[in-house]
Amino acid sequence: MTLRIGNFSGFYGDRSDALREMLTGGEVDVLTGDYLAELTMLILARDRLKDPSAGYARTFLRQLEDTLGLAHEKGVRIVANAGGLNPAGLADAVQQLAGRLGLPVRVAHVEGDDLTARHPGSLAAHAYLGGFGIAECLRAGADVVVTGRVTDAALVTGPAAAHFGWKPADHDRLAGAVVAGHVLECGAQATGGNYAFFTERDPRELRRPGFPLAEIHPDGSCVVTKHPGTGGFVDVGTVTAQLLYETGGARYAGPDVTTRLDTVRLTQDGPDRVRIEGVRGEAPPPTLKVGRNRLGGFRNEVVFVLTGLDIEAKAALVRAQMSDALAASPPADVRWDLARTDRPDADTEETASALLRLVVRDPDQQKVGRVLSGAAIELALGGYPGFHVVAPPGKGSPYGVFEDVYVPHSDVDHVAVLDDGRRITVDPPQDTAVLDDVPPPAPPEPLPPGPTVRAPLGRVVGARSGDKGGNANVGVWARTDDAWRWLAHELTVERFRELIPEARELPVTRHALPRLRALNFVVEGILGEGVAAQARFDPQAKALGEWLRSRHADIPEVLL
């Protein structure tokens with residue numbers, strides 16, 4: 001009764017040959033492709049403005065061209081959210097492809113997530129649907145199911161619910177599948193990609209990590225693994241890192257179930273095998289998340305290169321000159337950032353240089369266009385010594401803003417559309433519960449006093465970070481019980497703010513997950529209006545965790 005579900009795409013632009021690799025590398029029953037992120041929805045919305053028939057991930061079609069026959073031959077079903085803003089259009093395109101290839105493939109799709117018409121001013125407003133629409137398509141015999149905006153984990157909960165006959169009230173089983181789906185959703189991040197302790201592995205092993213799969217059991221437990229002979233590795237560390245990615249507290253809310261991340265138990269079950277069990281679920285919240293993308297205005301930027309001596313004085317001069325030039329019609333938002341990438345007595349010009357970045361935003365494109373570019377270039381012969389820029393500023397480009405809003409389940413018409421045109425309505429959950437924070441667990445006993453060494457945090461802890469709208473999360477985990485005892489007491493909210501100065505004036509919440517030996521920090525507002533607004537150097541906070549690991553602390557000698 002085990003259901004083997006694999007992943008072949010973690011984002012729009014992932015390895016194009018992964019679908020074939022997963023079909024030929026070993027046994028699998030269902031393959032899932034995740035193409036949608038907050039930024040992707042904005043990209044697809046802009047595509048649709050140019051062409052109303054667009055709005056889906058065209059790369060998915062290209063991947064199917066030489067693999068759909070193989071999938072049909074092997075009886076492997078494919079579930080992907082590549083439909084984006086136009087799942088019906090993608091379903092039609094897949095059906096036409098199957099016809100050209102002479103394959104009797106049944107294609108279904110899920111719709112109802114698009115609420116753009118109810119949110120004036122939005123380029124795209126889409127509810128995050130659960131997995132039961134996917135389940136209805138599969139129960140009706142679909143070979144390929146494409147969706148629009150569903151939760152990433154729904155790509156796994158749907159096939160699992162269809163295969164095992166789970167009902168909406170099977171909260172524990174659904175929660176187990178959510179955890180499996182969250183581990184699989186980002187592809188190679190579960191098999192050694194982007195892994196904090198990568199230097200401990202043979203570099204040859206990491207050149208081309210394979211894609212993960214989960215062996216899901218009827219009770220919702222699973223084993224995460226990968227096809228034999230593929231690159232990368234699967235261990236408790238890689239799975240822990242992915243579980244912490246873009247999550248928050250102990251209650252992980254979704255449209256089908258609220259998953260209790262504080263109940264997850266991980267054990268190594270052999271080489272490249274991690275068992276996940278003990279997951280508990282609760283009724284989902286009474287509302288659905290809706291992601292809204294809208295145009296925020298226009299932005300432009302210029303990066304000045306400051307070389308050699310007097311870096312601070314050079315930065316002050318160009319800031320004053322640019323402020324004077326823009327004073328007549330200043331942009332609504334002006335941000336300067338000086339990155340001291342320079343070194344004293346450097347043996348190359350590049351390593352003797354710092355970067356001064358100016359970013360401007362305004363609803364009026366003219367205020368960030370020629371006015372900025374002209375002011376910057378006019379300083380070429382009248383600015384600081386050694387004046388040059390990384391690239392000439394352009395005319396200004398539009399940027400997007402991502403926002404979360406919430407609506408009752410009943411506001412969304414969740415529908416499974418079968419290959420013969422039949423439409424099956426997916427009822428909203430009958431049992432819901434308001435989402436409350438879990439009381440903080442009791443901390444472990446601290447380590448006894450002893451000698452310490454000043455060293456980077458990353459010597460003893462791993463981290464993975466990511467974005468949710470304007471917020472960022474940083475998951476930090478220890479690999480031993482003693483390291484956890486130290487981490488739980490050392491890395492308080494106050495200490496986190498000391499180590500990450502950007503967070504000092506922002507709301508920071510710490511969530512402890514003792515079974516994972518992990519802390520999860522949520523930093524509100526650090527990403528401004530979301531990734532599309534590019535409010536900071538690392539707009540998706542992908543490296544925020546690695547910055548934290550590089551910060552120094554007094555670490556007990558016994559841990560090093």
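Although no hydrogens or angles enter the test, the distance criterion places a donor-acceptor pair under 3.5 Å between the side chain of Arg551 and the main chain of Leu499. The main-chain N or O of Ala108 is never found under 3.5 Å from a side-chain atom of Asp419 such that the two would form a donor-acceptor pair. Under a 3.5 Å cut-off, the side chain of Asn81 and the backbone N or O of Tyr35 do form a donor-acceptor pair. Judged by distance alone, the side chain of Arg77 and the main-chain N or O of Ala142 form a donor-acceptor pair under 3.5 Å. Within the 3.5 Å criterion, the main-chain N or O of Asp262 finds no donor-acceptor partner in the side chain of Arg260. Put simply, the side chain of Thr191 gets close to the backbone of Gly210: a donor and an acceptor are under 3.5 Å apart. Proximity of a side-chain donor or acceptor of Arg207 to a complementary backbone N or O of Gly231 within less than 3.5 Å is not detected. Using modelled atom types, one side-chain atom of Thr32 and one backbone atom of Gly6 make a donor-acceptor pair closer than 3.5 Å. Remark: side-chain polar atoms of His409 are paired, donor with acceptor, to backbone N or O of Pro285 under 3.5 angstrom. In terms of modelled atom types and a separation under 3.5 Å, the side chain of Ser465 and the main chain of Leu544 share a donor-acceptor contact.
A cation-pi geometry, defined here as NZ or CZ lying under 6.0 Å from the six-membered ring centre and within 45° of its normal, does not hold between Arg201 and Tyr195. For Arg58 and Tyr56, the positive end sits near the middle of the six-membered ring, less than 6.0 Å away and at most 45° from its axis. For the pair Arg495 and Phe521, the cation-pi criterion (under 6.0 Å, within 45° of the ring axis) is not fulfilled.
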Intermediate values then yes/no, side-chain contact (heavy atoms from CB on, under 4.5 Å), Ile78 and Asp143: CA-CA 6 Å; Ile78 296 173; Asp143 303 297; over 6 Å; no
Between Tyr245 and Gln189, does a side-chain contact (heavy atoms from CB on, under 4.5 Å) hold up when you go through it step by step? CA-CA 10 Å; Tyr245 182 64; Gln189 279 197 168; 3.8 Å; yes
Report the C-alpha separation of Glu246 and Lys542 in whole Å, then their side-chain angles, then the decisive distance to 0.1 Å, and conclude whether the salt bridge (Lys or Arg N to Asp or Glu O under 4.0 Å) test is met. CA-CA 10 Å; Glu246 295 182 346; Lys542 298 298 187 185; 3.6 Å; yes
Start with the C-alpha distance between Glu27 and Arg4, add both sets of side-chain angles, then the distance that settles salt bridge (Lys or Arg N to Asp or Glu O under 4.0 Å), and finish with yes or no. CA-CA 8 Å; Glu27 293 299 316; Arg4 294 171 63 88; over 6 Å; no
What do the steps show when you test Val224 against Thr238 for side-chain contact (heavy atoms from CB on, under 4.5 Å), and what is the final call? CA-CA 10 Å; Val224 176; Thr238 65; over 6 Å; no
Kindly indicate, with the supporting measurements, whether the criterion side-chain contact (heavy atoms from CB on, under 4.5 Å) is fulfilled by Leu516 and Trp477. CA-CA 7 Å; Leu516 297 177; Trp477 81 94; over 6 Å; no
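The side-chain heavy atoms of Val183 and Val274, taken from C-beta on, include no pair separated by under 4.5 Å. Inter-residue side-chain proximity for Thr59 and Tyr12 is flagged as met; some heavy-atom pair is nearer than 4.5 Å. Taking 4.5 Å as the limit, some side-chain heavy atom of Thr225 sits within range of a side-chain heavy atom of Leu213. Under the 4.5 Å side-chain criterion, counting only non-hydrogen atoms from C-beta, Leu42 is not in contact with Phe402. Using a 4.5 Å cut-off on side-chain heavy atoms (C-beta onward), Leu64 and Leu19 make contact. Side-chain contact between Ile555 and Trp486 is present, with at least one heavy-atom pair separated by less than 4.5 Å. Residues Leu243 and Leu266 have side chains in contact (heavy-atom distance under 4.5 Å, counting atoms from C-beta outward). Phe8 places a side-chain heavy atom less than 4.5 Å from the side chain of Phe60.
Here the closest heavy-atom approach between residue Ile276 and residue Val179 is recorded as CG2-CG1, 3.7 Å. When all heavy atoms are compared, the tightest approach of Leu519 to Ala488 is CD1-CA, 4.4 Å. Taking every heavy atom of both residues into account, Pro168 and Leu174 meet most closely at O-CD1, 3.7 Å. Cys137 approaches His109 most closely through the heavy-atom pair SG-O, 3.8 Å. Scanning all heavy atoms of the two residues, the minimum distance from Asp29 to Thr2 falls at OD2-O, 3.9 Å. Of all heavy-atom pairs between Ala127 and Leu115, the closest is CB-CD1, 4.1 Å.
The distance from the CG atom of Asp269 to the CG atom of Asp272 is 11.5 Å, given to the nearest 0.5 Å. Note that the CG atom of Leu457 and the CZ atom of Arg549 stand 9.0 Å from one another [nearest 0.5 Å]. Separating the OG1 atom in Thr151 from the NE2 atom in His182 is a distance of 11.0 Å, to the nearest 0.5 Å. Atom CD1 of Ile5 is separated from atom CE of Met22 by 11.0 Å, given to the nearest 0.5 angstrom. In this structure, Asp481 CG and Arg517 CZ are separated by 5.0 Å, a value rounded to the nearest 0.5 Å. One distance of note links CD of Gln242 with CG of Leu184; it measures 9.0 Å at 0.5 Å rounding.
A salt bridge links Asp17 and Arg208; the closest N-O separation between the charged side-chain nitrogens and carboxylate oxygens is under 4.0 Å. A salt bridge links Asp152 with Arg149: the distance from a Lys NZ or Arg NE/NH1/NH2 to an Asp or Glu carboxylate oxygen falls below 4.0 Å. Salt bridge Arg479/Glu200: present, at least one basic N to carboxylate O contact under 4.0 Å.
Partner of Thr147 under the side-chain contact (heavy atoms from CB on, under 4.5 Å) criterion, out of Leu36, Leu129, Leu90, Val110: Val110 alone.
Asp482 and Thr480 share no side-chain donor-acceptor pair at under 3.5 Å.
Surrounding CD of Gln268 are more than 12 heavy atoms belonging to other residues, nucleotides or ligands, all under 6.0 Å away.
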